[in-house]
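Every value quoted in this text rests on a predicted model; they were computed, and no experiment measured them. Convention: sequence-line order gives letters A, B, ...; per-chain numbering from 1.
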Amino acid sequence: MNNKELSPETKIFSPSSTLQGIQHHFLYNDRSFLTLRPLTFQRVVEVGRVVMVNYGPDAGKLAVIVDIIDHNRALVEGPTTGIARGAYAFRRLTLTPLVVKVPRNAGQAVLKAAIEKQDLAGSWAKTSWAKKIASRAQRAANSDFDRFKLQKYKKLRREIVNKAVKATKA
Amino acid sequence: LKKVKKVNGEIVGINEIHEKKPLQIKNFGIWIRYDSRSGTHNMYKEYRELTRNAAVEACYSDMASRHRARSRSIQIIRVAEVANADVRRPYIKQILVPGIKFPLPHRVIRSADKAHRALFMGSRPSTFY
């Protein structure tokens, strides 16, 4: 993350709106008053944070933090992914960059409506994290014929690329 | 406190207390009387849990770790649900801040199941979340 220096003439809008949703904060005791520094920790435990359960029978599923019990545990629920409301330790969760806007301790119906309104499944599928998981799963599920096809496609791509590289050198 | 030695008494019944709302986070205040190595003391401790049973279990574990008090030396006088406004202990109050959020600074990446545990790693893991 680079420091984003604003010239003195620039108007100060609310930081989060100018800088693509990355959270920044004003440093009032900083001598260069107009320096906005990005927060080191972007993924934060909060009500509405989307988490992935990383251990146990529901491993790999997404859920939403509904309430925080203490510094070790949160009340978590995933109505669209089949995770019943329960206490999960942060040890068993992985925070994602996604957040769902829900009030604290929202009921299952409210949570589900908010998730669907925001199309969490869609925005999750767009993340490179989800794409990597999908490609890993696809690779593991490839049949011999799929692997053969992949080999042929890779060879084709290699030929095209190498030809183009050679053309630039000539 | 009513005292009766085990030989003089008779266990009539043991019942588990079922929680009315096990999915609601509550603050439990527990009044304890316990014997330390050099005397007996009263204590009031607070726990943030989902059920009464969990709070009492947390209390016994907590007393064992912090004061080395075995369960035989602990008498639980009273367990009561405490409203957010009446919480006394700062370690619970700090969680009750509205809109609380905090990062997890040290991330330990663990395998999803015991079968996939790696004994060796190619490179040093990053603990940044």
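- Checking B/Asn42 against B/Arg33 by side-chain atom types alone, no donor-acceptor pair falls below 3.5 Å.
- Counting heavy-atom pairs closer than 4.5 Å to chain B, the top residue among A/Arg104, A/Glu77, A/Arg85 is A/Arg85.
- Residue contact with chain A, scored on non-hydrogen atoms closer than 4.5 Å, involves the backbone and the side chain of B/Leu23 alike.
- With chain B as the partner, the residue from A/Leu95, A/Asn105, A/Val66 showing the most heavy-atom pairs under 4.5 Å is A/Leu95.
- The parts of B/Pro105 that come within reach of chain A are both its backbone and its side chain, each placing non-hydrogen atoms under 4.5 angstrom from that chain.
- In terms of non-hydrogen atom pairs under 4.5 Å with chain A, the most contact-rich of B/Leu104, B/Ile100, B/Leu50 is B/Leu104.
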Residues 132-140 of chain A, side-chain donor-acceptor partners within the protein, below 3.5 Å, at least two apart:
residue: A/Ser135; atom: OG; partner: A/Lys132; partner atom: O; Å: 3.0
residue: A/Gln138; atom: NE2; partner: A/Asn142; partner atom: OD1; Å: 2.9

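- Under the 3.5 Å distance criterion, with hydrogens and angles disregarded, a donor-acceptor pair is assigned to the side chains of B/Asp62 and B/Tyr47.
- Comment: B/Lys26 engages B/Glu19 in a salt bridge, judged by a side-chain N to carboxylate O separation of less than 4.0 angstrom.
- With a threshold of 4.5 angstrom between heavy atoms, A/Arg91 approaches chain B through its backbone and through its side chain.
- Of the N and O atoms on the side chains of B/His41 and B/Ser36, at least one donor lies less than 3.5 Å from an acceptor on the other residue.
- If you measure heavy-atom distances from A/Asn54 to chain B, the contacts under 4.5 Å come from the backbone alone.
- Within the 4.5 angstrom heavy-atom criterion, no atom of B/Tyr91 approaches chain A.
- Ring orientation note: the planes of B/Phe102 and A/Phe90 are nearly perpendicular, at an angle over 60° on the 30°/60° scale.
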